[in-house]
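This report concerns only the one structure given below.
Predicted, not measured: the structure shown is a model, and the values here were computed from it. Every chain is numbered from 1, with letters handed out A, B, ... down the list of sequences.
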Amino acid sequence: GENVEQHPSTLSVQEGDSAVIKCTYSDSASNYFPWYKQELGKGPQLIIDIRSNVGEKKDQRIAVTLNKTAKHFSLHITETQPEDSAVYFCAASIDNYGQNFVFGPGTRLSVLP
Amino acid sequence: DTAVSQTPKYLVTQMGNDKSIKCEQNLGHDTMYWYKQDSKKFLKIMFSYNNKELIINETVPNRFSPKSPDKAHLNLHINSLELGDSAVYFCASSLRGGGSTDTQYFGPGTRLTVL
């Protein structure tokens with residue numbers, strides 16, 4: 001089955017700097033890659049996603065890149081702000097009837113003021 | 001106007017008890033899920049339901065049973081609770097078939113503590 005790895009497990013950056021979180025997946029059939037942000041005491045919230053027919057997607061300060069050949073995808077956050085502090089999860093999914101999301105273990109991002 | 005809601009938010013109970021967690025979504029989605037998040041924040045899918053049919057059942061003990069009275073609800077029943085069941089349980093839902101994305105929308109979570 002699919003296995004998703006995520007690095008680093010913790011990341012501290014200064015406010016205004018960029019943060020990059022990387023994920024790798026094992027199943028070449030995976031074709032949907034969402035990123036979720038989980039704030040303390042809340043459920044994960046989708047922040048950006050990408051499909052396998054696209055190499056890069058950007059939404060304001062957040063961007064995701066996908067390298068299907070290498071089976072890895074990354075989350076980029078620019079101009080980080082304290083409210084970006086949270087746990088971030090990547091996931092990989094095969095868009096079939098099973099809807100089986102496999103999540104990475106998460107990255108705790110701390111943005112220091 | 002909460003999209004995915006869960007009750008209760010906190011649940012503290014004794015070992016051996018039977019408990020239920022309720023989940024409702026008002027998004028008109030076809031598929032609903034239950035996830036378990038352990039103390040290390042690892043999210044693992046437990047079940048998913050599509051149009052009242054169980055389509056994923058990971059290696060979860062049969063003490064856990066999902067019940068879906070209708071498309072908008074997926075409740076989680078847990079029998080003979082054990083210490084290791086302590087975790088945060090998240091309900092989620094997604095649109096099936098109609099849209100081009102399969103985003104899963106998560107509820108706020110239920111923190112279960114078994115004493």
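Annotation: salt bridge (Lys or Arg N to Asp or Glu O under 4.0 Å) contacts of A:Lys57 (sequence neighbours excluded): A:Asp49.
Environment of NZ in B:Lys9: crowded, with over 12 heavy atoms of neighbouring residues, nucleotides or ligands closer than 6.0 Å. Within a 6.0 Å radius of CG in B:Leu83, other residues, nucleotides and ligands contribute more than 12 heavy atoms. Around CD of A:Glu83, the count of heavy atoms belonging to other residues, nucleotides or ligands within 6.0 Å exceeds 12.
The CD atom of B:Gln104 sits 8.5 Å away from atom OH of A:Tyr32, with the distance rounded to the nearest 0.5 Å.
When heavy atoms are compared at a cutoff of 4.5 Å, B:Gln37 approaches chain A solely by way of its side chain, counted from C-beta outward. Both the backbone and the side chain of A:Pro105 come within less than 4.5 Å of a heavy atom of chain B.
Closest of all the heavy-atom pairs between B:Phe90 and A:Gln38 is CZ-NE2, 3.2 Å. The nearest pair of heavy atoms linking B:Phe42 to A:Phe103 is CE1-O, 4.0 Å.
Hydrophobic side-chain contacts under 4.5 Å tie B:Tyr10 to no other Ile, Leu, Val, Met, Phe, Trp or Tyr residue.
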